[in-house]
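Written below as structure tokens is the structure these notes are about.
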Amino acid sequence: MKYNPKEIEAKWQKYWSDNNTFKASNQSNKPKYYVLDMFPYPSGAGLHVGHPLGYIASDIYARYKRHQGFNVLHPQGYDSFGLPAEQYAIQTGQHPAVTTETNINRYREQLDKIGFSFDWNREVRTSNPEYYKHTQRIFIQLFNAWYNKNTDKAESICTLIDLFSKEGNATVNAVSDENIEVFSADQWNAFSADDQERILLKYRLTYLAETEVNWCPALGTVLANDEIVNGVSERGGHPVIRKKMTQWSMRISAYAERLLQGLDTIDWSESIKEAQRNWIGKSVGASVTFNVKESNETIEVFTTRPDTIFGVNFMTLAPEHELVAAITTADQKAAVDAYIQATSKRSERERMADVKTISGVFTGAYAEHPFTKEPVAIWIGDYVLAGYGTGAVMAVPCGDERDYAFAKHFALQNGMPEIINIFNKDISEEAYTEKAGFELQNSDFLNGMDYKEGTKKAIDELEKIGQGKAKVNYRLRDAVFSRQRYWGEPFPVYYVNGLPKMIDPKYLPIELPEVEKYLPTEDGQPPLGNAINWAWDTVNNKVVSSDLVIPNESEGSQTIFPLELNTMPGWAGSSWYWLRYMDVDNENEIASKEAIDYWQNVDLYIGGSEHATGHLLYSRFWNKFLKDFNIVPTEEPFQKLINQGMILGMSAIVYRVSGTNKYVSKNLKGDYEVEELRVDVSLVNASDEIDIEGLRNWIPEFKEAEFILENGKYYVGREVEKMSKRWYNVVNPDDICNEYGADTLRLYEMFLGPLEQSKPWNTAGITGVFGFLKKLWRLYADDNGLIVTNDEPTAEMYKSLHKTIKKVTEDIENFSFNTSVSQFMICVNELQQQKCNHRAILEPLSIVISPYAPHIAEELWNMLGHTDSVSQQPFPKFEEKYLIESSKEYPVSFNGKMRFKIELPLDLTAEQIEEIIMNDERTQAQLQGKTPKKVIIVPGKIINLAGF
RNA sequence: GCGGGUAUGGUGAAAUUGGUAGACACGCCAGACUUAGGAUCUGGUGCCGCAAGGUGUGAAGGUUCGAGUCCUUUUACCCGCACCA
């Protein structure tokens with residue numbers, strides 16, 4: 001009987017599936033544990049060996065927790081809305097649902113081969129109408145909510161309407177749009193319904209507003225801030241421009257402080273928490289209002305340094321600031337217009353790329369210093385960002401590098417005064433930007449104060465004259481929620497007189513309509529504009545033909561209205577999916593109250609760190625919102641987060657001699673002028689030798705090629721980079737499963753190194769892991785079958801076993817899966833040397849190994865005569881007594897330097913050890929008559945004689 | 001610029017958290033056995049040295065009887081964020 005992974009893996013995968021072995025129940029006496037993977041987007045390329053890394057880790061943990069007596073929820077699903085399926089549809093006309101289905105089936109097949117213990121009864125797909133009807137429902141809930149700063153939570157919009165009709169909005173303390181006009185209760189009640197609705201939109205947690213968005217012309221859609229990397233789109237790398245559009249937004253800014261505070265309560269890596277803190281970007285300071293001279297306008301600025309108020313030399317507005325046109329003087333108009341024109345032409349990317357060039361122009365207008373009443377010149381400059389704070393700054397050159405550089409650059413020009421120094425520091429070369437170590441001067445009532453004192457005093461005085469107050473500013477912007485795409489969740493929204501109305505949740509889902517083309521319409525509408533049936537009948541409550549909408553008809557007589565043409569972004573469906581797994585078939589709610597109360601939140605979440613400021617932030621936001629309405633019981637959705645590292649590809653490179661069809665082996669390439677070409681990694685063996693015949697047959701380009709060899713071989717160069725089809729460096733897990741089996745793949749991926757570290761894939765060491773499994777097998781069986789006996793094992797054997805139980809338990813709890821694999825190898829080597837074939841050892845060993853290599857564990861367990869699954873056995877308990885040795889070898893060192901070892905019984909006191917050591921002849925030889933000043937003895941550990 | 005992280009043999013990496021550095025595996029060397037298998041088994045393998053011995057965890061200091069581990073300074077690389085007022 002030989003170890004035959006193919007056969008036993010197929011057998012046990014079928015067994016698990018037939019017996020529903022990993023089905024989780026929502027009712028149990030056991031404690032619950034929720035282990036979640038970030039669900040994949042089912043792309044056309046299928047899984048590569050990098051994808052399962054996190055899944056294997058979470059599967060080991062989930063299986064271990066089951067052994068430990070937990071009721072484990074370990075589900076899997078698909079984030080199945082997304083751009084690639086849509087782009088494929090545009091190219092081929094194939095419906096995205098069809099390609100998505102195909103891809104999912106392939107993913108499922110690949111996942112099943114690896115032997116995961118997912119409860120597939122709970123599978124979710126975000127593109128499934130039965131799923132997205134609940135995404136639509138949550139959207140409606142957000143629409144019907146506002147954020148009350150007094151109670152510090154979201155509340156039903158009804159309570160806000162109530163307040164408005166009783167007190168107006170002056171007393172309301174809400175997170176809302178800026179610059180809302182104050183109205184009384186009487187005024188509110190006198191407003192038309194439409195006007196009331198327009199006002200409410202400024203308070204709702206999801207709202208329709210004309211905002212400046214990131215528009216990607218190449219993709220034909222807007223993008224959220226986290227979907228833009230270095231000024232270009234994350235997908236495809238296309239340029240992105242700023243554009244004003246009416247879009248749905250999520251008022252995530254309402255939760256900025258809670259999102260920040262919550263980070264201290266969760267067990268995530270410091271780097272992700274820092275990334276989120278950075279993204280939220282809290283800064284504490286003050287807002288200061290400057291009156292514009294000879295005008296009724298005021299300019300509000302945000303500053304973190306109100307203590308430097310007397311150092312204000314001038315002000316700078318972003319070129320896009322709304323007041324620029326109003327305040328610019330006739331003299332300066334031409335220059336200002338030219339500057340605005342020039343900056344708007346520069347792309348975001350250009351503007352980011354060169355931060356060194358100083359540019360700006362004087363508007364000719366002056367503001368008035370709130371205290372000194374001196375004139376303060378108003379400039380515009382593109383170093384001030386329209387999107388941060390108020391888009392205007394008070395410039396204090398003596399205390400800020402950029403203001404300093406700006407002042408120096410435009411020194412002596414009209415509108416640029418001498419720099420005022422308010423610090424007792426030298427600022428002739430550069431600004432003094434420290435927040436400590438100075439005393440304020442030239443600062444009237446702030447003279448002599450430091451940062452802390454000055455800040456407080458300045459704010460107090462500003463409040464007294466009504467020109468400022470303490471303020472906390474966040475960098476976090478509201479998230480744009482509309483996408484001009486087809487393959488996403490439709491909004492449950494129709495429009496009456498241009499105002500959005502929610503469809504009653506009982507008529508959900510609003511299903512994606514069929515379209516002929518997946519491109520935008522000819523008049524620039526999103527793809528849903530192509531749908532024939534895309535209007536809402538408010539009498540029959542169903543989707544009807546768009547032709548039935550009567551344009552420009554007044555409301556009263558009409559009952560059919562156009563539906564929203566945008567769809568939701570990719571992160572909509574993934575912002576709550578962990579809740580759906582709890583109660584996947586629930587038709588009426590996202591999940592039942594009982595199910596959510598039982599499972600609470602995710603205990604362990606494993607996934608990539610690339611979602612730091614996207615999915616992981618949005619999910620926390622929605623969870624907090626749902627918490628405010630008591631739908632979920634916890635403030636945070638994911639208690640512990642582990643970020644698995646990326647598995648990189650090892651591209652293979654051949655060197656073509658320029659202008660020829662000759663290829664030169666790696667180490668000879670110095671003699672030629674060569675070009676590098678990437679070739680399929682599967683043609684290359686572990687020693688970097690290429691299979692020349694295979695290469696000739698790979699693509700026609702190499703058919704007639706000549707090869708310049710070294711030692712009769714052609715060696716390729718290697719490059720570590722992301723696994724990608726275009727580099728021909730993708731390794732498919734199926735190939736590994738076919739060659740060595742899933743258990744080897746699982747063990748090897750863990751053995752490769754620490755889970756959280758990125759590492760290149762190479763199969764050089766895989767035979768070691770495979771050899772271990774064969775060795776393990778041979779402990780149980782030889783060619784004639786089972787060799788296990790019921791004899792009593794030796795103390796040594798028990799020691800090997802319990803050492804392993806201890807180590808593996810600790811490792812799993814610390815997520816150091818790589819060292820567990822080493823421990824298994826040590827254990828099997830030891831048992832093999834002890835010729836161990838004792839049931840009392842091998843039975844518990846099967847269980848200990850089963851989280852890592854579940855198929856072979858099941859088979860061995862079965863061979864031992866059991867008829868149940870090993871996955872349901874209690875994990876063996878570690879017992880200290882088996883590890884206790886009768887005596888121990890102590891290292892004896894002199895001044896920290898190890899000299900010899902001495903064997904001593906374990907139960908000696910320090911004094912007894914000292915006596916034996918001092919009398920030992922080797923000690924005497926080392927001491928040569930000297931006496932140590934210090935003798936350090938830690939019983940069970942070390943002996944050190946020191947100080948001579 | 002700010003923040004997070006990493007650095008140990010030919011390679012992937014361990015190190016009970018301050019106590020024999022390099023476990024385990026790959027690779028390499030030597031040998032055994034052979035029913036030639038995807039073999040298997042045994043021994044060796046940081047570096048220098050025939051050896052005794054010396055030396056060694058990116059670099060330089062420090063604390064300590066003792067440092068890969070703690071402190072200070074520094075270098076290189078990786079990942080975020082970045083004109084954030």
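Proteins get letters first, then strands, A, B, ... in listed order; numbering begins at 1 in each.
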Write down the distance separating the [atom1] atoms in [N] and [M], rounded off to the nearest Å.
N: B/G66; M: B/U20; atom1: P; result: 15 Å
N: B/G22; M: B/A15; atom1: C1'; result: 8 Å
N: B/C47; M: B/C29; atom1: P; result: 15 Å
N: B/C48; M: B/G27; atom1: P; result: 22 Å
N: B/U69; M: B/A14; atom1: C1'; result: 14 Å
N: B/G68; M: B/G9; atom1: P; result: 14 Å
N: B/U11; M: B/G44; atom1: P; result: 22 Å
N: B/G12; M: B/G58; atom1: P; result: 14 Å

Round to the nearest Å and state the distance from [X] atom [atom1] to [N] atom [atom2].
X: A/Ile766; N: B/C26; atom1: CD1; atom2: P; value: 12 Å
X: A/Phe878; N: B/U16; atom1: CZ; atom2: P; value: 16 Å
X: A/Asp811; N: B/A15; atom1: CG; atom2: C1'; value: 12 Å
X: A/Asn473; N: B/C84; atom1: CG; atom2: P; value: 13 Å
X: A/Gln833; N: B/C41; atom1: CD; atom2: P; value: 10 Å
X: A/Asn814; N: B/A14; atom1: CG; atom2: P; value: 13 Å
X: A/Asp400; N: B/G1; atom1: CG; atom2: C1'; value: 13 Å
X: A/Tyr3; N: B/U40; atom1: OH; atom2: P; value: 14 Å

With rounding to the nearest 0.5 Å, note down the distance linking [atom1] in [X] to [atom2] in [Y].
X: A/Phe290; Y: A/Thr298; atom1: CZ; atom2: OG1; value: 11.5 Å
X: A/Leu259; Y: A/Leu476; atom1: CG; atom2: CG; value: 7.0 Å
X: A/Trp268; Y: A/Asn643; atom1: CH2; atom2: CG; value: 9.0 Å

Any side-chain N or O of [X] below 4.0 angstrom from OP1/OP2 of [N]?
X: A/Arg277; N: B/G80; answer: no
X: A/Gln832; N: B/C41; answer: yes
X: A/Arg778; N: B/A39; answer: no
X: A/Lys807; N: B/U16; answer: no

Regarding [X], tell me which of base, sugar-phosphate or nothing describes its non-hydrogen contacts under 4.0 Å with the strands shown.
X: A/Asp403; value: nothing
X: A/Lys2; value: nothing
X: A/Lys273; value: nothing
X: A/Tyr740; value: base

Side chain of [X]: nearest nucleotide among [options]?
X: A/Thr819; options: B/A25, B/A15, B/A85; answer: B/A15
X: A/Ser283; options: B/A14, B/A85, B/C83; answer: B/A85
X: A/Tyr388; options: B/G38, B/A85, B/C81; answer: B/A85
X: A/Pro754; options: B/C26, B/A85, B/A13; answer: B/A13

- Query: Mind telling me whether B/U42 is syn or anti, cutoff 90° either side of 0?
  - Reply: anti
- Relative to its sugar, using the 90° cut-off around 0, the base of B/G9 is syn
- Report, as yes or no, whether the 6.0 Å neighbourhood of atom NZ on A/Lys759 holds more than 12 heavy atoms from other residues, nucleotides or ligands. yes
- Message: Is it true that, when you exclude A/Glu430 itself, more than 12 heavy atoms of the residues, nucleotides or ligands shown sit nearer than 6.0 Å to its CD?
- Response: no
- Are A/Phe314 and A/Phe406 near enough that their ring centres are under 6.0 Å apart? yes
Grab the N/O contacts between the protein and nucleotides 2-12 of chain B below 3.5 Å, and write none if there aren't any.
from, atom 1, to, atom 2, distance (Å)
B/G3, O2', A/Glu274, OE1, 3.3
B/G12, O2', A/Leu752, O, 2.5

- Message: Check this for me, if you would: do A/Arg277 and A/Glu274 make a salt bridge, where the nitrogen-to-carboxylate-oxygen distance has to be below 4.0 angstrom?
- Response: yes
- Should the pair A/Lys282-A/Glu257 be classified as a salt bridge under the 4.0 Å nitrogen-to-oxygen rule? yes
- Task: Could you label the plane-to-plane angle of the A/His611 and A/His615 rings as parallel, tilted or perpendicular, counting under 30° as parallel and over 60° as perpendicular?
- Result: perpendicular
- Task: If the plane angle is over 60° it's perpendicular, under 30° parallel, otherwise tilted; pick one for A/Trp777 and A/Tyr3.
- Result: tilted
- Item | Pair assignment for RNA chain B - dot-bracket with | for other-strand partners, Watson-Crick or G-U under 3.5 Å | (((((((..(((......[....)))((((((.......))))))(((....)))..(((((..]....))))))))))))....
- Donor-acceptor contact present, side-chain A/Asp400 to main-chain A/Val396, <3.5 Å: no
- Task: Spell out, as yes or no, whether a donor-acceptor pair under 3.5 Å connects the side chain of A/Asn729 to the backbone of A/Ser724.
- Result: yes
- Along RNA chain B (nearest heavy atom to each residue), the more 5'-positioned of A/Lys806 and A/Asn738: A/Lys806
